[in-house]
Colleague: 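Supplied in structure tokens, the structure appears directly below.
Lettering of chains follows the sequences in order, A, B, ..., and the numbering in each one begins at 1. Model, not experiment: these values are computed from the prediction.
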There are 2 protein chains.
Amino acid sequence: MPRSTKQSPERGDARTRLLEGARDVIRRKGFAATSVDDLCQSAGVTKGAFFYHFNTKDALGVAAANFWSETTSAIFASAPYHEPDDPLERVLAYLDFRKGLIDGETFEYTCLVGTMTQEVHDSAPAIRDACAASIFGHAATLETDIEAARKQHNIDADWTVESLARHTQAVLQGGFILAKATGDPDLARESVDHLIRYVRGLFRVGPNTSETNYEKSSWPASKSPRKRSLPPSN
Amino acid sequence: MPRSTKQSPERGDARTRLLEGARDVIRRKGFAATSVDDLCQSAGVTKGAFFYHFNTKDALGVAAANFWSETTSAIFASAPYHEPDDPLERVLAYLDFRKGLIDGETFEYTCLVGTMTQEVHDSAPAIRDACAASIFGHAATLETDIEAARKQHNIDADWTVESLARHTQAVLQGGFILAKATGDPDLARESVDHLIRYVRGLFRVGPNTSETNYEKSSWPASKSPRKRSLPPSN
DNA sequence: CAGAACATACCATACGGTTGGTATATAGTT
DNA sequence: AACTATATACCAACCGTATGGTATGTTCTG
């Protein structure tokens, strides 16, 4: 029988639990409306622990944005959309992958750093910069595939690789807003569909390339029972 | 000499000034971070006036969303993008018009109801519904032109008119987020350019139709001196 | 003069943050 | 192996202020 069989959360991971709680609570309520007490409660710690790990609430905001960057980039790095040999296929597979992530409750699939950017862009530059680094850093990961696809398909474009990469993020962020307005994730998926159609048009490929429909992998959200792990029986 | 030459703001329009102040301050700081005192100060009134006109802060949020709907739909109704005879030209002119509105400080061109939706979607259903009505109500105004263009160009589409109308709003909202992340309106205009290219592709028209570049009209923002009312001299 | 449209002063609470203390793990000493 | 020193990682209680909201008074208008 090991010593220290305490059921309560392990000592030493309060910081991580605070960041995970912040990720979910802030996506629900927004940054400003989330109190430090809310964050402590979601992590199961007291304010002493909070202010031991973060000097101020804004400091947690910065840390949460960085935490988001690290966790999501790990997910994207190991995601299956990199597998196709054709670079355009990889771009389309990325968009299909993103579309697959949009499911469940709103706070489960929306973007933490996009949400925080909206709120703090004018009042908390440190948080905003951390969010911007997350958004544009992720967008930049798409650029090599887009560039390779452009060369392979001999596209002489009136658009830049960087702007298309950013545009994909804009569409996702905007889709999240429409989804939040009604609580319906279909509104976000719908815009991704238009984006996919746009990219296909840019590269002059038909509508039926790459229909792998990548399975949804784990996305930063508190473990919630995912309904329908098997397809419906009808 | 007329009686009541008081320089101070007219009696009777405190409500309007509160809504106008809310429009600008909330776009800067967000809804939750904007205090009632902030709103009173921006309108030049006291809390007595505020709570005379609005029972609660959330009630002002609803009223601000409705105010936004009314003022912006008046602007769009009288905007020049309705002039072209060709319906597709009107759609493209609308997007060009929206692009032209993106200028100046961030709080001047971003969308109030999009901002508020992000924050209160899960905690203030009344505000969220008012915002949703504004967003989707505006999107619906595009549907007749899109539908007419689709018939005229004989497009048998795999997309619905409604979804394309919504997609335009998603792109705009997403562009606003990217612009807020850096303070650079070019990031929003860039996404509108991609959207315009997408719509042209959907209707199979070349890149050089309708380049009117409609002059920017008045958009809900506090009167700020607009630089460069004349084009640069080079 | 009655009621609408404000202003002033005030209240209870929730908020971000601080203070002082305690349990735990680790390292060094004997 | 036992004991101490020390830093880490937290907890519980407290503090000043900002906040949403109220109660009451005042001014203007029809």
Colleague: Salt bridge check, B:K29 against B:D38: does any charged N sit closer than 4.0 Å to a carboxylate O?
Modeller: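 Looking at B:K29 together with B:D38, the answer is yes, because their closest N to O distance falls below 4.0 Å.
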Colleague: Is there a donor-acceptor pair closer than 3.5 Å between any side-chain N or O of B:E119 and the backbone N or O of B:A32?
Modeller: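 Side chain of B:E119 to backbone of B:A32: a pair is present.
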Colleague: Provide, to the nearest angstrom, the distance between the NE2 atom belonging to B:H53 and the P atom belonging to D:dG20.
Modeller: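 About 18 Å, once rounded to whole Å.
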Colleague: Rounding to a whole Å, what distance do you find between A:N55:CG and C:dT18:C1'?
Modeller: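 In whole Å, C:dT18 C1' and A:N55 CG are 12 Å from each other.
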Colleague: Within this structure, what is the CG-to-P distance between B:L60 and D:dT19, rounded to whole angstrom?
Modeller: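 It is 16 Å, rounded to the nearest whole Å.
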Colleague: Quick test: give all pairs of protein nitrogen or oxygen and nucleotides 14-16 of chain C nitrogen or oxygen below 3.5 Å, distance rounded to 0.1 Å.
Modeller:
residue	atom	partner	partner atom	Å
C:dG16	OP1	A:K57	NZ	3.3
C:dG16	OP2	A:V36	N	2.7
C:dG16	N7	A:K47	NZ	2.8
C:dG16	O6	A:K47	NZ	3.3

Colleague: How close or far is atom C1' of D:dC10 from atom CG of A:D13, stated in whole angstroms?
Modeller: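 Going from CG in A:D13 over to C1' in D:dC10 covers 12 Å.
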Colleague: Identify each donor-acceptor pair in which a side-chain atom of residues 59-67 of chain B lies under 3.5 Å from a protein atom, sequence neighbours left out, and give them as a table.
Modeller:
residue	atom	partner	partner atom	Å
B:N66	ND2	B:V62	O	3.4

Colleague: Do A:T46 and A:C40 touch side chain to side chain, with heavy atoms closer than 4.5 Å?
Modeller: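 Counting from C-beta outward, A:T46 and A:C40 never come under 4.5 Å.
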Colleague: So, are A:D96 and A:K99 salt-bridged, with charged N and O less than 4.0 Å apart?
Modeller: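 The answer is no: the pair does not qualify as a salt bridge.
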Colleague: Could you state the CZ-C1' distance from A:F50 to D:dA12, rounded to the nearest angstrom?
Modeller: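 Spelled out: CZ on A:F50 to C1' on D:dA12 is 17 Å.
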Colleague: So does B:Y52 get a side-chain nitrogen or oxygen closer than 4.0 Å to the phosphate oxygens (OP1/OP2) of C:dC6?
Modeller: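 Indeed not, no polar side-chain atom of B:Y52 lies that close.
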Colleague: So A:G48, base contact, sugar-phosphate only, or nothing? Heavy-atom distance under 4.0 Å.
Modeller: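 It contacts base atoms.
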Colleague: When the ring planes of B:Y94 and B:F76 are compared, do they come out parallel, tilted or perpendicular, using 30° and 60° as the limits?
Modeller: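 Plane angle between 30° and 60°, so tilted.
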